Amino acid sequence: QVLIDVPCSELAKELAQSESKVQVLQDTLQQVLDRREEERQSKQLLELYLEALKTEDSVLSKVADPQAAPRQEMDVVDTGTSSTGTPATTALSDQILAALRERPAPELCLDSQDLELVLKADRAGLASALGWDKQKAGALQAACEQELSKRLQQVQTLRSLRSTSKGKKTLP
């Protein structure tokens, strides 16, 4: 980088070469630096991709084998009535309720299945179970919905990357 930054005329005098040869040298050095930077960025991107694949595999294995992550005993929260008029209940564990009460951003510490349970819960029933007002419970459900949507988008992106990379040659 230092050789590239030196004015061409000064470097030519120092090396006892013509300015055109020094300019070619500086251009070549710049190309080498650019290539190294591209390689560094490519390596970093590949590491992120591989890490994302590992994460996706662990998420998919949890979804495929629900027994792998044993749940605590579930409590049934009465959530009122559904749109058909029949009683609707959603199972929310003590662990989920505790996380919802105690965490500043509980949607970030719940797994996707728990987020779905919170979304399915009736707002009034959820508010009652947590000892909150309906507005706060609604805000919580909106945050859970946004987080779940973000996670689903990430999985979709990873699947897209995986399908794209399947057709490519694997690197040594």
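These numbers come from a predicted model, not from an experiment. Atoms considered below: every heavy atom in the structure, side chains included; atoms not considered: hydrogens, waters and symmetry mates.
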About how many Å separate [atom2] of [Y] and [atom1] of [X], when rounded to the nearest 0.5 Å?
X: K150; Y: L115; atom1: NZ; atom2: CG; value: 11.0 Å
X: L97; Y: L126; atom1: CG; atom2: CG; value: 7.5 Å
X: D111; Y: I96; atom1: CG; atom2: CD1; value: 7.5 Å
X: R123; Y: S128; atom1: CZ; atom2: OG; value: 14.5 Å
X: R103; Y: L110; atom1: CZ; atom2: CG; value: 8.5 Å
X: Q30; Y: I4; atom1: CD; atom2: CD1; value: 4.0 Å

Q. Can you tell if the side chain of R151 reaches within under 4.5 Å of the side chain of V155, non-hydrogen atoms only?
A. no

Q) Can you find a pair of side-chain heavy atoms, one from L130 and one from L140, that are under 4.5 Å apart? A) yes

Q.
To check you understand the geometry: which heavy-atom pair defines the closest contact between A124 and K134, and what is its length?
A. CB-CE, 3.6 Å

Q: Search all heavy atoms of R101 against all heavy atoms of A129 and return the closest pair with its distance.
A: NH2-O, 3.1 Å

(Q) Any donor-acceptor pair under 3.5 Å linking the side-chain atoms of Q41 with those of E37? (A) yes

**Q.** Pairing of E39 and K43 as salt bridge, 4.0 angstrom limit
**A.** no

Q. Any ion pair linking E51 and K54 (charged N to carboxylate O, less than 4.0 Å)?
A. no

Test your reading of the model: is there a side-chain donor-acceptor pair from [X] to the backbone of [Y], 3.5 Å cut-off?
X: Q141; Y: V118; result: yes
X: S160; Y: Q156; result: no
X: S42; Y: E38; result: yes

Counting only heavy atoms not in [X], do more than 12 sit closer than 6.0 Å to its [atom1] atom?
X: Q26; atom1: CD; value: yes
X: R40; atom1: CZ; value: yes
X: Q154; atom1: CD; value: yes

Please set out all donor-acceptor pairs under 3.5 angstrom arising from side-chain atoms of residues 8-19, sequence neighbours excluded.
{"residue": "S18", "atom": "OG", "partner": "S20", "partner atom": "OG", "Å": "3.2"}
{"residue": "S18", "atom": "OG", "partner": "K21", "partner atom": "N", "Å": "3.3"}

(Q) The criterion is side chain to side chain contact (heavy atoms under 4.5 Å, CB included); which residues satisfy it with D27, sequence neighbours excluded? (A) Q23

Q. Are L25 and V32 in one and the same hydrophobic cluster, where Ile, Leu, Val, Met, Phe, Trp and Tyr link if side-chain heavy atoms are under 4.5 Å apart?
A. no

Q. What about V24 and V6, same hydrophobic cluster or not, with Ile/Leu/Val/Met/Phe/Trp/Tyr joined at side-chain heavy-atom distances under 4.5 Å?
A. no

